[in-house]
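Data block below; observations after.
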2 protein chains.
Amino acid sequence: MLAISIDDPLPIHDQIIIGLRRLIAAAKVLPGDELPPVRQLAADLGVNLNTVARAYRALETEGLVSSVRGRGTVVLADREAIGGTRKAKAKRFTAAMSNVLAGGKLAGLSRDDAQRIVDQLLDVYWPHHQSR
Amino acid sequence: MLAISIDDPLPIHDQIIIGLRRLIAAAKVLPGDELPPVRQLAADLGVNLNTVARAYRALETEGLVSSVRGRGTVVLADREAIGGTRKAKAKRFTAAMSNVLAGGKLAGLSRDDAQRIVDQLLDVYWPHHQSR
DNA sequence: CGTATTGTATCATACTATGATACAATAGCA
DNA sequence: TGCTATTGTATCATAGTATGATACAATACG
């Protein structure tokens with residue numbers, strides 16, 4: 001369901017956050033679904049339960065999930081949860097996209113390579129209805 | 001030429017690395033161009049010179065620039081510098097792209113929004129010849 | 001040869017990520 | 001109700017990392 005990489009310089013809890021965001025955005029987990037208990041996911045990933053708990057809390061702050069002690073953590077209704085104005089969001093998106101495309105360019109990918117990968121992923125996060 | 005953000009959780013030297021990679025990939029700085037001395041860029045950004053030096057060294061390890069004590073740091077010829085096989089590079093690119101698109105989706109961007117931004121940036125990093 | 005300029009190395013310090021452990025709230029069952 | 005299991009939360013310790021202050025070394029240039 002989720003994977004982390006030990007040699008990724010990104011902190012583990014950030015990897016968890018990003019991974020769960022991807023799952024939610026791709027509708028692999030749906031509103032109302034429960035995330036695994038922190039201890040279980042921590043065991044699965046081989047990390048400390050605090051590391052998972054921290055990720056859950058960050059997602060809760062973003063408004064993507066809701067955690068209640070004793071009950072668990074559930075995914076909330078899909079919504080525009082991440083802060084800032086629409087313009088600010090587009091700006092952050094553009095900056096992040098620039099970084100990724102620059103990396104691809106420097107790695108030697110062709111424009112067609114990049115275009116193909118993007119097109120494929122657009123379908124993942126903004127699926128066409130008939131293709132499901 | 002370059003900007004860093006203090007409230008970005010990403011370490012400063014990583015922000016510098018990413019920013020310079022973007023400039024190089026977008027051909028805003030060309031092979032043979034000199035980067036500013038570490039002290040100057042550090043002063044411009046309001047950070048320690050070691051922080052800039054660390055970024056320069058990382059770019060040198062990637063093969064993007066060459067630093068020589070007493071002379072400075074120059075951008076090298078454009079080349080497929082970042083490590084790994086072609087397949088590994090595409091995989092990393094795909095993963096990074098997924099993260100960005102997922103973030104855009106959760107931020108409420110439409111598919112057309114994302115598509116528009118991507119198309120625009122593709123032209124930045126893989127420009128059409130006649131448009132220059 | 002001497003001075004300025006540039007990157008590098010060393011050391012100290014503050015911060016952060018991660019982990020070990022204990023606490024608190026909810027659910028569920030006898 | 002009371003007991004126990006389950007779940008998230010809080011506290012504390014420790015290792016690692018980012019950043020900075022300062023000194024060193026190599027190149028350029030008069």
Side-chain angles (χ1 to χ4, degrees), chain A residues 1-21 24 29 31-76 99, chain B residues 1-21 24 29 31-76 99:
Chain A
M1 174 185 183
L2 198 66
I4 64 169
S5 166
I6 181 59
D7 44 46
D8 190 326
L10 208 63
I12 296 172
H13 66 264
D14 283 330
Q15 295 187 46
I16 296 171
I17 292 169
I18 290 173
L20 291 174
R21 276 210 213 105
I24 294 172
V29 295
D33 285 355
E34 294 214 344
L35 295 184
V38 291
R39 287 168 181 76
Q40 180 187 322
L41 183 52
D44 290 349
L45 298 177
V47 301
N48 191 273
L49 90 176
N50 287 319
T51 306
V52 175
R54 182 169 176 178
Y56 281 12
R57 215 171 313 161
L59 293 173
E60 183 168 39
T61 301
E62 283 184 17
L64 290 177
V65 306
S66 170
S67 292
V68 178
R69 171 152 49 179
R71 287 206 324 164
T73 301
V74 300
V75 176
L76 296 183
N99 291 338
Chain B
M1 174 185 183
L2 197 66
I4 63 168
S5 166
I6 181 58
D7 45 48
D8 190 326
L10 207 62
I12 297 171
H13 66 262
D14 283 331
Q15 294 186 47
I16 296 172
I17 292 169
I18 289 172
L20 291 175
R21 275 209 212 107
I24 294 172
V29 294
D33 285 356
E34 291 213 345
L35 295 185
V38 291
R39 285 169 183 78
Q40 180 188 322
L41 183 53
D44 290 350
L45 298 177
V47 301
N48 190 272
L49 90 178
N50 288 317
T51 307
V52 176
R54 181 168 176 178
Y56 281 12
R57 213 170 316 160
L59 293 174
E60 183 168 38
T61 300
E62 284 184 17
L64 290 177
V65 306
S66 170
S67 292
V68 178
R69 171 152 48 178
R71 287 206 325 164
T73 300
V74 301
V75 177
L76 295 183
N99 292 338

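Note on naming: letters A, B, ... go to the chains in the order of the sequence lines (proteins, then strands), and numbering restarts at 1 for each one. Computed over heavy atoms, backbone and side chain alike; hydrogens, waters and symmetry mates excluded.
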Can you name the side chain to side chain contact (heavy atoms under 4.5 Å, CB included) partners of [X], sequence neighbours left out?
X: A:Asn99; answer: B:Ile18, B:Arg22
X: B:Val38; answer: B:Val52, B:Ala53, B:Tyr56
X: A:Gln40; answer: A:Pro36, A:Pro37, A:Asp44

Can you tell me how far [atom2] of [N] sits from [atom1] of [X], to the nearest Å?
X: B:Asp14; N: D:dA18; atom1: CG; atom2: P; answer: 7 Å
X: A:Leu10; N: D:dT17; atom1: CG; atom2: C1'; answer: 14 Å
X: A:Leu45; N: C:dT18; atom1: CG; atom2: P; answer: 12 Å
X: B:Glu34; N: D:dA28; atom1: CD; atom2: C1'; answer: 12 Å
X: B:Ile16; N: D:dA18; atom1: CD1; atom2: P; answer: 13 Å
X: A:Ile12; N: D:dT17; atom1: CD1; atom2: C1'; answer: 14 Å
X: B:Leu41; N: D:dT19; atom1: CG; atom2: P; answer: 14 Å

>> What's the closest nucleotide to the side chain of B:His13 if the choices are D:dG8, C:dA17, D:dT19?
In response: D:dT19
> In terms of side-chain heavy atoms of B:Val68, which of C:dA27, D:dT27, D:dG8 is nearest?
Replying inline: D:dT27
When you check the phosphate oxygens OP1 and OP2 of [N], does a side-chain N or O of [X] lie under 4.0 Å from one of them?
X: A:Arg54; N: C:dA17; result: yes
X: A:Ser67; N: D:dT7; result: no
X: A:Thr51; N: C:dG19; result: yes

> Looking at side-chain heavy atoms only, is the closest gap between B:Leu76 and B:Pro31 below 4.5 Å?
Replying inline: no
> B:Leu64 versus B:Val75: any side-chain heavy-atom pair under 4.5 Å?
Replying inline: no
> How far does the helix from C:dC1-D:dG30 to C:dA30-D:dT1 bend, going by the axes of its first and last five pairs, to the nearest 10°?
Replying inline: 10°
> Should the pair B:Arg71-B:Glu34 be classified as a salt bridge under the 4.0 Å nitrogen-to-oxygen rule?
Replying inline: no
>> Test of understanding: with side-chain hydrogen bond (donor to acceptor under 3.5 Å, both in side chains), list the residues that count as partners of B:Ser67, not counting sequence neighbours.
In response: B:Thr73
>> If the condition is side-chain hydrogen bond (donor to acceptor under 3.5 Å, both in side chains), which residues does A:Asp14 pass it with, not counting sequence neighbours?
In response: none
> B:Pro37 or A:Asn48: which one's nearest nucleotide on DNA chain C is closer to the 5' end?
Replying inline: B:Pro37
>> I want to confirm an ordering. Mapping A:Gly70 and B:Arg39 to their closest nucleotides on DNA chain C, which one lands closer to the 5' end?
In response: B:Arg39
Between the protein and nucleotides 10-12 of chain D, which nitrogen or oxygen pairs are less than 3.5 angstrom apart?
from   : atom 1 : to      : atom 2 : distance (Å)
D:dA10 : N6     : A:Asn50 : OD1    : 2.7

>> Would A:Leu35 and A:Val74 count as a side-chain contact (heavy atoms from CB on, under 4.5 Å) here? Give the steps.
In response: CA-CA 6 Å; A:Leu35 295 184; A:Val74 300; over 6 Å; no
